[in-house]
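Structure first, then comments.
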Amino acid sequence: MPERRPFVRLPTDVFPVNYGLCLTPDLVDFTFEGRLEAAVEVTQATNQIVMNCADIDILTASFVPEGGEGEEVNATGFNYQNEDEKVTLSFPSTLQKGSAILKINFVGELNDKMKGFYRSKYASPSGEVRYAAVTQFEATDARRAFPCWDEPAIKATFDITLIVPKERVALSNMNVIDRKPYPGDAGLVEVKFATTPIMSTYLVAFVIGEYDFVEAQSSDGVLVRVYTPVGKAEQGKFALEVATKTLPFYKDYFDVPYPLPKIDLIAIADFAAGAMENWGLVTYRETALLIDPKNSCSSSRQWVALVVGHELAHQWFGNLVTMEWWTHLWLNEGFASWIEYLCVDHCFPEYDIWTQFVSADYTRALELDALDNSHPIEVNVGHPSEVDEIFDAISYSKGASVIRMLHDYIGDEDFRKGMNAYLLKFQHKNASTEDLWDCLEQASGKPIAAVMSSWTQQMGFPIIEVDQEQQGDDRIIKLSQKKFCASGPHSAEECPSWMVPINICSSDDPSSARLKVLLEGPDTTVTLGDIRPDQWVKVNPGTVGFYRLQYSASMLESLLPGVRDLSLPPVDRLGLQNDLFSLSRAGMISTVVVLRLMEAFVNEPNYTVWSDLSCNLGVLSSLLSYTDFHEEIQEFIRDLFTPIGLSLGWDSKPGEGHLEALLRGLVLGKLGKAGHKATLDEARRRFKDHVEGKQVLSADLRSPVYLTVLKHGDSATLDTMLKLHKQADMQEEKNRIERVLGAISAPDLIQKVLNFALSEEVRPQDTVSVIGGVAEASKQGRKAAWKFVKDNWEELHNRYQGGFLISRLIKLSVDGFAIDKMAAEVKSFFESHHAPAAERTVQQCCENILLNAAWLKRDADDIHHYLLQRKAPPV
Ligand code: BES
Ligand code: ZN
């Protein structure tokens, strides 16, 4: 576990009621001036006030008691505690109990670190370099824009005024109530915004820049605008449509109206996260908001829909009701990560998005949570670096997965009843995990707190062992649980256990539960009546329970035909395969068993099932790159993907939809990467036509084609791609290219790509995916990327100021190593190069490297043997 840093929350003797905040950013000098007039309440007489403050210079501070009884008192000392990101204002006399105004004048820098109040670089339509001033406050960076009580439970109202160049757009959480020339400077205007509801500091936002917008009114009367770069308003239409559908959907689902008169969604050029749910002014990366009908691919549309759905859910779950402390961050993020799928399923049923949830979130969470270096969903955090650290797959994906399991356990009706009670009870206030359980328990009459705390307060999850026996017309099913570990089942005496809602189905109706049990202890036995010996029984239909399964040999055998003949539903085929894959990594079954199972997927039609398979084969391929039979697994991949590749072809057929487009891109990319000759030839032909302007590649084919030609390309190919990158007008296209550049093979070209990652051509937030792309593409790439990270550590760490992007970079660069000594090397590097917010990630990576190495030692020979005999003629 990371070492705990000493940390104390702010004292409560003085707290804010209203922030009157006026800011004047200077977009040329990259500084800002601020004036805060905070209405505060003193609950205990004191002569000092402690607030959060970082990277800000306070010029003057004074205290004015309300009601004219006392004189204005000037603070005589500003004592900055930089480590703690606090300032103590000392006053020469005692501040008495009661209401008062605290006035602070300060200055700060519009930094280039994508946090606090920062500058974001963009090009005007004519190509001129300009800057916008924007904010990103979550989790703990409001204190970099103005001195404040920067804790989620210290809510207050905000009256914000911005003094900005008169031709710029100025936005904040609320609507503009006044805009007038600024007396001191004819070039400036003073823009005043309406008072916000009572809210947490991390949700405050302002943006000053040049933007166009599209707008619409949602059916529940909210004015929705999508702000885009100048000249690109059209690209906001898709998000606008999603947002106007989503707001009434949530209003109806929560049975609570959206409380502000407007909501803006705005694309910000330099942006660290994917998007941020600031109340009434949601900020997005350009690629998470903008869609161009011709040049955006299907997966971008889907991503925009999910992100919009996610951030709008926070307007209720997070903004209206806020977690009491960051320990409960998962409530925000887990819940939003679950309901974004509900919302997209409502808006775009044709996306079959819930199946995709299983591959994108559920399996990802299981994988991370099987590590000894995982952490419980609810985790004590104090210092900001510990807070940054928990924006991870446990809070998001495990959080979403256990909520999905809970929703299934409770049923939609009672779930909604409980949610509504929770939102009404805690609106404009703060809540903890327990508070949500109480409301859901009330609504459902089920033991929610007991069940759920076993999932949120202890890390990990169980593996359920299943066996069966036929007795007459009955099937007796034995279930038992143990903690599942990535290195095999938990073997110690004291094994943690979970309260596991378990559903069981049988072959007569594979998609619905025939029996539901709550496994409360180590094991139980249940009976399914009226069942013939030839009918199969499956546990966890729909793959909703957050656990892995290990069936007895005969039960597993009985399920396999259902994979081949597709009588098992897609999400169950996916889950079965994914469980077996993780069991093989943990050494509980041979990897050969999984390879055999994978071959049963030749007739698979489902995109998400293929996507999950493809992902696991990618892991295996990367592992086997450390052997001398890497080519044999490429051949296996080619053989597996060829039939589906042939049946899909290159061009979309009439009547095809979203999922066919995704599947085609996936399969062609996989075949091209694995060196399938016909795919490579066709990709080269189409690429040439594209570059020569003869026939532009459809957006959905670009990634697979770029990847294929680069993987088998030379320096001319790389130069062409870099040229396409430079010419691209859309950030989506730039990112598409950046992510595949690492596929290039020659060592000198790999180096060129790495240098490109840190160049001016790549936005600061995207450097990570360029370096990551190099590391993930090949063994040589991984080695080069890791060396590059080490050689440029200072610049990278400084660039991200230790935020979550640095964790992502580390994981992408080193996770795939499969040699023991690399774990030691990574560990020792970070012992001398501290990355506080990435400590846990480093430990997880080292654990993964050792697991990979062990897997390779254990199974390499068997895999090799299997791959060889598979091709051998029968004797
Ligand atoms: N609240 C987060 C944004 C955030 C992330 C702030 C990390 C501070 C640190 C936002 O709601 C979010 O979760 N964004 C996601 C996208 C979402 C669709 C999963 C992101 O930024 O990746
Ligand atoms: Zn979120």
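Ligands are counted one by one from 1 in listed order, and the atoms in each one are counted from 1 as well. What's counted below: heavy atoms across the whole structure, side chains too, no hydrogens, waters or symmetry copies.
- Considering only heavy atoms from C-beta on, Leu247 stays 4.5 Å or farther from Lys251 through its side chain.
- With sequence neighbours left out, the side-chain contact (heavy atoms from CB on, under 4.5 Å) criterion links Asp392 to His375, Ile394, Ser395.
- At a cut-off of 2.8 Å, Glu311 is not counted among the residues with an N, O or S atom near the Zn ion (ligand 2).
- With the Zn ion (ligand 2) as the vertex, NE2 of His310 and NE2 of His314 span 100° to the nearest 10°.
- Checked against a 6.0 Å centroid threshold, the rings of Phe348 and Phe238 count as neighbours.
- For Phe146 and Phe117, the ring centers are positioned 6.0 Å apart or more.
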Exercise answer, ligand 1 polar atom pairs (N/O) under 3.5 angstrom:
residue	atom	partner	partner atom	Å
ligand 1	1 (N)	Glu138	OE1	2.6
ligand 1	1 (N)	Glu277	OE1	2.6
ligand 1	1 (N)	Glu277	OE2	3.4
ligand 1	1 (N)	Glu333	OE2	2.8
ligand 1	11 (O)	Glu277	OE1	2.9
ligand 1	11 (O)	His310	NE2	3.2
ligand 1	11 (O)	Glu311	OE1	2.7
ligand 1	11 (O)	Glu311	OE2	3.2
ligand 1	11 (O)	His314	NE2	3.0
ligand 1	13 (O)	His310	NE2	3.0
ligand 1	13 (O)	Glu333	OE1	3.1
ligand 1	13 (O)	Tyr396	OH	2.6
ligand 1	14 (N)	Ala275	O	3.3
ligand 1	14 (N)	Glu311	OE2	3.2
ligand 1	21 (O)	Gly274	N	2.5
ligand 1	21 (O)	Ala275	N	3.3

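- A salt bridge between Glu367 and Arg364 is absent, with no side-chain N of the basic residue lying under 4.0 Å from a carboxylate O of the acidic one.
- When the Zn ion (ligand 2) is compared with the N/O/S atoms of Glu333, atom OE1 turns out nearest.
- Taking Tyr396 as the reference, Glu333 meet the side chain to side chain donor-acceptor pair (under 3.5 Å) condition, with sequence neighbours excluded.
- Applying the ring pair (Phe, Tyr, Trp, His ring centres under 6.0 Å) rule to Phe461 yields the partners Phe484, Phe546; only residues at least two apart in sequence or on another chain are considered.
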